Amino acid sequence: MKIIEVQNYDQMSQQAAKIIIETVQDRPQTVLGLATGGTPLGTYTYLVRDHQLNGTSYKQVHTVNLDEYVGKAPSDEQSYSYYMNKHLFEPANIPKTQTYLPNGLAANLEEEAERYTHTLQSLGGVDLQLLGIGKNGHIGFNEPGTSFDSETHVVQLTPSTRQANAKYFSSESEVPTQAITLGIATIMKAKRILLIVSGIEKAEILYQCLYGQIDEQIPASILQKHPHVTIIADQEALSVVNQKAEAH
Ligand code: F6R
């Protein structure tokens with residue numbers, strides 16, 4: 001695992017965007033695996049800025065998102081589809097037909113999860129997967145205890161994840177209780193993974209993810225086994241890692 005330490009959120013976003021831009025410039029048909037939430041917002045802002053200033057083209061890129069809430073239509077401001085259209089797909093001119101998210105409105109959610117796995121396979125898999133991490137170690141919506149062998153599936157969101165995401169809703173009770181997410185095994189098939197982490201509240205889990213036991217109770221710990229992971233983390237997020245290193 002390659003760890004890049006940066007000072008703050010802005011530098012993390014800039015560095016992550018740089019890696020994505022270089023990947024797309026190097027291979028215009030790149031399949032990007034994308035995440036939502038607070039962490040990647042700055043990265044998307046830098047991608048859009050570069051697209052506008054330097055003309056990096058996303059015309060041939062395909063994107064596959066990690067997850068979507070069950071029951072949220074793309075027109076719903078709280079859906080991940082809406083988030084992606086607003087923050088990246090539209091401003092970076094990524095053709096809509098080349099962007100994929102699970103359909104949270106599907107009548108049969110299990111079938112939808114399977115269909116999404118096939119979509120991913122038909123694209124030849126993800127070249128570069130952008131990931132954030134939850135305070136409980138989740139990646140995508142794979143909560144602690146999820147099997148490392150899991151493929152795309154429907155999940156019940158834990159109280160802690162619903163609480164963490166409540167800031168995007170008017171109240172916690174409005175946060176959906178289910179989502180469709182790529183599984184851990186699916187995520188691990190990405191050729192390269194770029195994990196971005198910022199803030200003191202992620203410091204303990206980042207330490208456990210990097211140096212703790214590889215355990216299904218800490219889903220992100222499986223990343224220790226991936227051959228090509230780059231972690232860009234700011235000083236706050238790396239504070240526990242650095243404290244423990246000093247103590248030794
Ligand atoms: C989002 C996702 C989640 C988030 C994680 C961190 O698509 O899959 O795993 O990456 O919940 O969220 P933030 O960045 O809001 O702290």
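All ligand and atom numbering here is 1-based and tracks the order in the structure. Only a predicted model underlies this, so the values are computations on that prediction, with no experimental measurement involved.
Within the model, atoms OG1 of T181 and CD1 of I187 stand 5.5 Å from one another, a figure rounded to the nearest 0.5 Å. Put simply, OG1 on T158 and CD on E143 are 3.5 Å apart, with the number rounded to the nearest 0.5 Å.
Every atom of ligand 1 with a heavy atom of L66 under 4.0 Å away is listed here by number and element: 8 (O). The distance from ligand 1 to the heavy atoms of G140 drops below 4.0 Å at these ligand atoms: 2 (C), 3 (C), 8 (O), 9 (O). With ligand atoms numbered from 1 in the order given, ligand 1 contributes 15 (O) to contacts under 4.0 Å with heavy atoms of Y168. Listed by number with element, the atoms of ligand 1 under 4.0 Å from a non-hydrogen atom of G132 are 10 (O).
When atom types are taken as modelled, the side chain of Q78 and the backbone of Y168 share a donor-acceptor pair closer than 3.5 angstrom.
For ligand 1, the polar-atom distance check finds no N/O of G37 at less than 3.5 Å from any of the ligand's N/O atoms. The shortest N or O to N or O distance between T36 and ligand 1 is below 3.5 Å. In terms of polar-atom proximity, G38 is counted as a contact of ligand 1, with an N or O under 3.5 Å from an N or O of the ligand. Annotation: N165 places no N or O atom under 3.5 Å from an N or O atom of ligand 1; distance criterion only. Close N/O approach between D67 and ligand 1 is found [any backbone or side-chain N/O within under 3.5 Å].
For atom 6 (C) of ligand 1, the closest non-hydrogen atom of the protein is I133 O, 3.4 Å. Looking from atom 14 (O) of ligand 1 to the surrounding protein, the closest heavy atom is T39 OG1, 2.4 Å. Nearest protein heavy-atom contact of atom 5 (C) of ligand 1 is H138 NE2, 3.4 Å.
Side-chain heavy atoms closer than 4.5 Å link hydrophobic residues (I, L, V, M, F, W, Y) into clusters, and following such links, possibly through other members, connects L123 to L66.
Ring-plane geometry between Y80 and F141 is classed as parallel, the angle between the planes falling under 30 degrees on a 0 to 90 degree scale with a further cut at 60.
Between E22 and K18 a salt bridge is recorded (basic side-chain N to carboxylate O distance below 4.0 Å).
Under the 6.0 Å distance and 45° angle rule, K244 does not count as a cation-pi partner of Y211.
Contact detail for A17 and Y46: the closest heavy-atom pair is CB-CB, 3.5 Å. Listed here is the closest heavy atom pair of V197 and K202: CG1-CB, 3.5 Å.
Using a non-hydrogen distance threshold of 4.0 Å, K202 registers as a contact of ligand 1. Judged by the shortest distance from any of its heavy atoms, Y83 lies outside the 4.0 Å radius around the atoms of ligand 1.
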